[in-house]
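Order of the sequence lines fixes the chain letters, A, B, ..., with proteins taken first and strands second; residue numbering starts at 1 for each chain.
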Number of protein chains: 2
Amino acid sequence: MHTLADILLARSIAVVGASANPEKMGYVILNNLIQGGYAGALYPVNLKEQIILGLPCIPSVADIPGELDLVVVCVPAAHAASVLRQAGAKGAKGAIIISGGFGEIGNYDRAVELTDAAKAYGMRVIGPNCQGVNYTANRMCATWPLVKSPGAIGIVSQSGTIGAEIELLAERDGIGVSCFAALGNKSDIDEADFIDFFVSDPHTKVIALNIEGIGDPERFIPAITRAARIKPVVALKPGRTEKGMRAVASHTSSIAGNDRLFTAFCRKYGIIRADDLTEFYDFCKAAALSKTPMGPRVLIISSSGGAGILSADAADEAGLDIRAISGETIARLGQALPSQCVLANPLDLTGDATASRYEAAFDALGGNSEFDVILAIFGDPIAGACKVIQRQLSVASMPVVVSFLGGGDVQLRETALMHQNGIAVYPTPERAVKAIGALVRLRLAAARRERKMVI
Amino acid sequence: MHTLADILLARSIAVVGASANPEKMGYVILNNLIQGGYAGALYPVNLKEQIILGLPCIPSVADIPGELDLVVVCVPAAHAASVLRQAGAKGAKGAIIISGGFGEIGNYDRAVELTDAAKAYGMRVIGPNCQGVNYTANRMCATWPLVKSPGAIGIVSQSGTIGAEIELLAERDGIGVSCFAALGNKSDIDEADFIDFFVSDPHTKVIALNIEGIGDPERFIPAITRAARIKPVVALKPGRTEKGMRAVASHTSSIAGNDRLFTAFCRKYGIIRADDLTEFYDFCKAAALSKTPMGPRVLIISSSGGAGILSADAADEAGLDIRAISGETIARLGQALPSQCVLANPLDLTGDATASRYEAAFDALGGNSEFDVILAIFGDPIAGACKVIQRQLSVASMPVVVSFLGGGDVQLRETALMHQNGIAVYPTPERAVKAIGALVRLRLAAARRERKMVI
């Protein structure tokens, strides 16, 4: 029996239903494989065309000259099973079936025929009716849109759109992803397979899971509980409300189930639950880039009093501890900073703060042990912000999460630099605070596990 | 007595403390006035320099050759009052005082001296200790960062950073602002003056208010209640939590007051309250671009089942009514759409939907009166999305709010086009739903007022 890894690490791919028409999936996927820099053999399979995108066409899978690891199937549903049989006969290990027209429209006979064809040859199947897979380590963008940036986030998603959006945000931020997979009908490979793969995958540091319903709890629950012990798992499970649950039922016919049960399940196993798409990406980014704080005590340092207050509101609501700074530390900060600074938590460096004023504040804090994490807010066009955070991270063990706003072009430049250097930056103070909250929940779950293991 | 309008419509400006050093405010503001295209006379006042940024320097305000409407003061606090006296003697109507070093650091004598100097000449003052003003209709960017795009949002902000961020987001979206003002110490002009100005300003369609504490309720409350009857008012008031309130006290020494009182106040007068910075901008954008729906009944149309479910969750939480589509309409949709579409609310056009499938759905809805507003979600790279929404808006009275995600470059292009054409677009379904919720609250407040006026 082959495995998911055989698909993701394929060294030769046939795109069956490759097309010369840029509006067809058989063109888009072949083009993304080429543009994405796929290094293995690529075979466009098309009976009528001679050449597509510069590659010679093969009339059928059976005619492929060399070895074949993977078929990407874009032909109509009626032909999918016979493509699998031909591919199986050539020794293919897996298939990604983009085509729809199976169980999702009630065509169960066709779905069974497909599964039988794959099983007969021990082939593994992603889909049908799916958006495909992008595994950046193998430069294998067998999906759309084209995303090339490698990174630490491994995405397995029920919804193509939600997964693709996370991928696009990660690319825009310059932090990239290790993998994006949209599962479709899950005739064979499901979330559990990807979770198991991600746990052992050296490229994946964070597992991002968008799930609508748990198909096979006996495989899913052991997989995710094991994963959460080893790597951060961030989960977005739509269907939190009654109306949302009904919408899940008409989307994937899966039962969203009692949402409070899922919440309790996440809390028990240390899975970070995101309530919306923004949190889903933000929490993945934090887990991918930032160290986990040792506890919930946050020191807020800001050049903007207003942004400091917004973050204090958000921290209070997130249950974080924005305790007062000790008198001793206040005294040291007072010596290091000009008189207009407000020596409290939030520490307000005021609107004319430069990067060197942040540096002075960090230096005055020294090896401070009153706090577990710093939220650094740059609320103005402060050049050199990235350097000052890098320096702080190199001398102190405390993690720093950044919010940058009101900074125009300087902000865009510094944010890009910080992301390149593995510092998580958020465009609003509230989003940064929520991300810190997620990191703290990860730490608390780990602490609970360690206690359990000691007892 | 001069008015705020005399400042915002100034036809000649002296920048006192103009500097040749790009790190100084006296350089940045002069440069932004020039780059922003200010059409009136500009006088850099500097005793030592001959020319700054191509303009001849004047040694002192008294030496300015022509008429003078406005002084922008960037000199140290100790010299500010004497600058005001010289400007007053020349007939200046107002001053924007960027310099700090007054009440905010306990220097109350200096604050009183400043106020007395202005009063002696009937001059109006913005600041001191403020980030200045940008009034795009007069191309007067007497602040930073440089923002030039004209638009419908008038921002008056306690915090420079928060106001500037809204301005920058509006510029990035191509929708612009009418005004941005950061008030600082509010020695004279405060929120009430700006609110009154915005009510009569033909460029301002939405009033965006970031406020930490109400200094003068006897002026503020009549101003804002009158404004809310005439134009949408969106308010962000940090200090919602206990920790936030404490942070407000150390920022502006104002008392945030009982937050529940402010919430009740907003509800009573139809002011849309934003809970965080993201909502602040999102609600302003919706009010600036979109018509107000007649009620809370939302029809969700999506190419992404997953995004549809996220929006159903958010709509349920926002108290919106995502009722079922009537049998009659379902029948019409069924005839117009391919069989894989899920005919429910959310209406799932599925992942291969093109712009023309949205058009077919809109046509099938026709003059539908079952819903008050449409949320159109484009969850894929759907070219032509803008055109199809424009067409729908031209034939039906129902407002349409858009969420676009998972669409890569196509998404960026179509989003920009939609913003140019006055269609509000959000990057996540949940943010779009919350913006619709804000529009519905505006409508409900108007309806309450009308009932009251009838009785």
If we ignore hydrogens and angles and just use 3.5 Å, is the side chain of A:Asp313 paired with the main-chain N or O of B:Arg240 as donor and acceptor?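 The answer is yes, because a donor-acceptor pair under 3.5 Å joins these two groups.
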Chain A-proximal positions within residues 405-413 of chain B [heavy-atom distance under 4.5 Å]: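 B:Leu405, B:Gly406, B:Gly407, B:Gly408, B:Gln411, B:Leu412 fall under the 4.5 Å cut-off.
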Looking only at heavy atoms, which of residues 298-305 of chain B get nearer than 4.5 Å to chain A?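 Contacts with chain A: B:Ser304, B:Gly305.
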With a 6.0 Å cut-off (strictly less than), is the heavy-atom count around NZ of A:Lys243, excluding the residue itself, greater than 12?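 Correct, the count exceeds 12.
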Atom group of [X] that falls short of 4.5 Å from chain B, counting heavy atoms:
X        : result
A:Leu277 : both
A:Pro429 : side chain
A:Ser159 : side chain
A:Gln340 : both
A:Arg246 : neither

Looking only at heavy atoms and a cut-off of under 4.5 Å, which of A:Thr278, A:Ile105, A:Val342, A:Asp276 has the most pairs with chain B?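 The option with the most such pairs is A:Asp276.
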Need one label for B:Leu169: side chain, backbone, both or neither, based on atoms under 4.5 Å from any heavy atom in chain A.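 Neither part.
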Can you give me the closest heavy-atom contact between [X] and [Y], atom names plus distance?
X        : Y        : result
B:Glu212 : A:Gly306 : OE2-CA, 3.8 Å
B:Pro238 : A:Ile309 : CB-CG2, 3.4 Å
A:Glu242 : B:Asp316 : N-OD2, 3.4 Å

Inter-residue atom distance A:Glu165.CD - B:Phe404.CZ, 0.5 Å rounding: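 Nearest 0.5 Å value for the CD-CZ distance: 10.5 Å.
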Rounded to the nearest 0.5 Å, what separation is found between the CG atom of B:Leu310 and the CG atom of A:Asn210?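 Nearest 0.5 Å value for the CG-CG distance: 7.0 Å.
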